[in-house]
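Taking it in order: structure first as structure tokens, then the write-up.
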Amino acid sequence: MTAFIMVSGVFTGAHVWEDAAARLAAAGDEVHAVALTGLGGPRGTAGGRIDLETHIADVLAVIDSVDSVGAAAGREIVLVGHDYGIHPVLGAADRRAERIARIVYLDAGMPQDGVPALASVPDRSLRGQLAEHAGAGGSGGAEGADGELPPPARDEWQRWGSTAGVPDAALDRLTALAVPQPLGTLLQPLRLTGAVAAVPTTGVLCTGNGASIEMVQMLVGFGDPGLQALTDPRVTFFELPTGHWPMLSCPAELAEVLLRAAADEGHRLEPAGAAEPPAHLRSFLLDVPELPRERTGNVDLYLPHAEEPRPAVVFVHGGPVPAEARPTPRDWPTLMGYARYAAGQGVVGVTLDHRLHDVADYERAAADVAAAVERVRADPRVDADRVALWFFSGGGLITADWLGAPPAWLRCLAASYPILAPLPNWGPTGRFHPADAVADAGALPVVLTRAGLEMPEIAATVEEFLAAAKDCGADVEVVDVPHGHHGFETLDPTDESREAVHRAMRSVLAHLTA
């Protein structure tokens, strides 16, 4: 028998687990939904200061209670933490590591020692406000601030995660039973000794909230040392095609996944470079001229054989890419391949590195791109009045700056398998919302290469953009790769993929040289 101990996220209590818990109990397992102090009822009942340590103590009490009667019967304890709930789960598991069989991260982040739950809040403006509160000392400082964060109104839950799939009645009840979150629980840093690292884990990713196994594997492939622990054989993953609250949107499917997780099932990630190079370091699908490059700062130029200034195509990589990733994006075969292809067609191919290392970095990444473009336009070998920008993947959000106010010298904007709206778990990204910006694109031609086998969470942003573009009459050409994946240039080196690259390049060059 398994004893599931389940801990909910911000503003919520044990009630959110009712349907999933009933299904686990029907399967013969024991279920304990923890009523965290201050979150156990419509108004909360605890007095005094409530912080993360308070909630860790709540979870420890349940672990000790279950263990006192279940150890002799061979009962295994599985801790499930949703959203904020993973913080008290990890804090408790670190102190009872020998008693815990598995930890399940239910659409939750990866908290680290010394980092408060505030860092996982998706709304960066709200993070800033709370950080200011902590910096000012609040009524007790970051280690134990007094005060509460009011719960969201019914239409504000999206700030905390996608509500996709949650029935109206369930959302009504979630709102009605929501309670203020004690600020100390978000501001007090999590303290870990490292013992919890020995406990097997399972990540349950909700694709409707912007997470997927494919995306995590891609990040692991970038070589970020902080993610290599996810390739441990004791770490498994599942996906649920829903938003951030699967216990409300698909409780039966969640219960099944939790049972399988307890049985050590699930997908296991491949270590970076385990069998072959990761996708982003595989060979480009076209044979292109081996032209030399000229490197200045964070910009590389691939120059055609020409006497007069030539038009330029600036290729902008995606992300977020970990700062420690080596090689950096301008040395990736796909970016180099496109730039050499462009140079072989008589225009200047440009690649660059920008600092999109986190979803909070779009402002500085956009500034890096703008500065690089101006440097390229100032080069006497470049026709400053004929430049195209070509964005990839997560770099797609930066297109908003150029769509919203296209300069006269920008002759074309291209995007390949782009992310064109913030993913739900990214929180607001300010001005970086291309689906909004396209209304101001005017006559700027856009060439969009769409992967038919795109990750669903990214495909939804492309469809949002195309719908907005249609409504405003924007000039958008779609180049489809029906059997192509995200990054098809290295993953799917087929005739279909090659033709898509050729077609997109022909279109961009036609606009550039018209």
Asp94-Thr193 side chain donor-acceptor pair, cut-off 3.5 Å: yes
Donor-acceptor under 3.5 Å (Arg95 side chain, Leu60 main chain): no
Evaluation steps, side-chain contact (heavy atoms from CB on, under 4.5 Å), between Leu90 and Ile103: CA-CA 8 Å; Leu90 289 177; Ile103 298 169; 3.9 Å; yes
salt_bridge(Arg99, Glu76) N-O dist < 4.0 Å: no
Donor-acceptor side-chain pairing of Thr494 and His483 below 3.5 angstrom: no
Criterion side-chain contact (heavy atoms from CB on, under 4.5 Å) on Val62 and Val59, from CA distance to verdict: CA-CA 5 Å; Val62 179; Val59 179; 5.7 Å; no
Asp492 and Ser497 side chains, donor-acceptor separation under 3.5 Å: no
Where Ala400 and Ala437 come nearest, the two heavy atoms and their spacing: O-CB, 3.5 Å
Any donor-acceptor N or O pair under 3.5 Å, side chains Asn209, Asn425: no
Evaluation steps, salt bridge (charged side-chain N to carboxylate O under 4.0 Å, His left out), between Arg23 and Glu18: CA-CA 9 Å; Arg23 287 167 169 81; Glu18 288 173 1; over 6 Å; no
Note: Arg154-Asp168 ion pair, threshold 4.0 Å (strictly below): yes
Backbone N/O of Leu192 and side chain of Asp113: donor-acceptor pair under 3.5 Å: yes
Heavy-atom check, side chain of Val66 versus side chain of Ile5, under 4.5 Å: yes
Identified side chain to side chain contact (heavy atoms under 4.5 Å, CB included) counterpart of Arg96 within the set Asp67, Leu79, Ile63: Ile63
Heavy-atom side-chain contact between Val78 and Leu258 under 4.5 Å: no
Ion pair Asp361/Arg355, N-O distance below 4.0 Å: no
Donor-acceptor pair between Glu270 and Thr231 side chains, under 3.5 angstrom: no
From His15 atom NE2 to Arg173 atom CZ, the distance as rounded to the nearest 0.5 Å: 6.5 Å
Side chains of Leu448 and Tyr417 in contact at under 4.5 Å (non-hydrogen atoms): no
Residue that, paired with Leu24, satisfies side chain to side chain contact (heavy atoms under 4.5 Å, CB included) out of Glu256, Met6, Glu30: Met6
Within the 6.0 Å centroid threshold, strictly below: Trp160 and Phe11: yes
Flag, side chain of Ser249 to backbone of Val166, donor-acceptor distance under 3.5 Å: no
Check: Met215 main-chain N/O paired with Ser212 side-chain donor or acceptor under 3.5 Å: yes
Separation between CG of Leu106 and CH2 of Trp245, rounded to the nearest 0.5 Å: 11.0 Å
pair Pro189-Val115: side-chain heavy atoms closer than 4.5 Å: no
Asp358 (side chain) donor-acceptor with Ala360 (main chain) under 3.5 angstrom: yes
Side-chain heavy-atom pair Pro246, Glu253 within 4.5 angstrom cut-off: no
Centroid separation His317 to Phe392 less than 6.0 Å: no
Spatial distance of atom CD1 (Ile419) from atom CD1 (Ile398) [nearest 0.5 Å]: 11.0 Å
Side-chain donor-acceptor pair present, His244, Asp83, cut-off under 3.5 Å: yes
Chi angles and distances behind the side-chain contact (heavy atoms from CB on, under 4.5 Å) call for Leu420, Thr399: CA-CA 8 Å; Leu420 291 174; Thr399 63; 4.0 Å; yes
Inter-residue atom distance Ile50.CD1 - Gln181.CD, 0.5 Å rounding: 9.0 Å
Main-chain N/O of Leu52 paired with His55 side-chain donor or acceptor, under 3.5 Å: no
Distance-only donor-acceptor check, side chains Glu265 and Thr236, under 3.5 Å: no
Side-chain donor or acceptor of Asp19 paired with backbone N/O of Pro251 under 3.5 Å: no
Test log, rule side-chain hydrogen bond (donor to acceptor under 3.5 Å, both in side chains), inputs Asp51 and Thr185: CA-CA 4 Å; Asp51 54 23; Thr185 65; over 6 Å; no
Side-chain donor-acceptor pair present, Thr175, Trp157, cut-off under 3.5 Å: yes
Flag, side chain of Gln112 to backbone of Met110, donor-acceptor distance under 3.5 Å: yes
Centroid-centroid distance, Phe222 to His280, less than 6.0 Å: yes
Side chains of His357 and Pro322 in contact at under 4.5 Å (non-hydrogen atoms): no
Distance, nearest 0.5 Å, that separates CG of Leu269 from CD of Gln228: 10.0 Å
Side chain Gln217, main chain Glu214, donor-acceptor under 3.5 Å: no
Distance, nearest 0.5 Å, that separates CG of Asp107 from CD of Glu239: 11.0 Å
Close side-chain approach of Trp426 to Pro122, heavy-atom, < 4.5 Å: no
Pairing of Asp155 and Arg159 as salt bridge, 4.0 angstrom limit: no
Short side-chain to backbone donor-acceptor contact, Thr242 and Ala164, under 3.5 Å: yes
side-chain contact (heavy atoms from CB on, under 4.5 Å) assessment of Leu183 paired with Glu148: CA-CA 5 Å; Leu183 286 179; Glu148 297 175 322; 5.6 Å; no
Flag for Thr201-Arg102: side-chain donor and acceptor within less than 3.5 Å: no
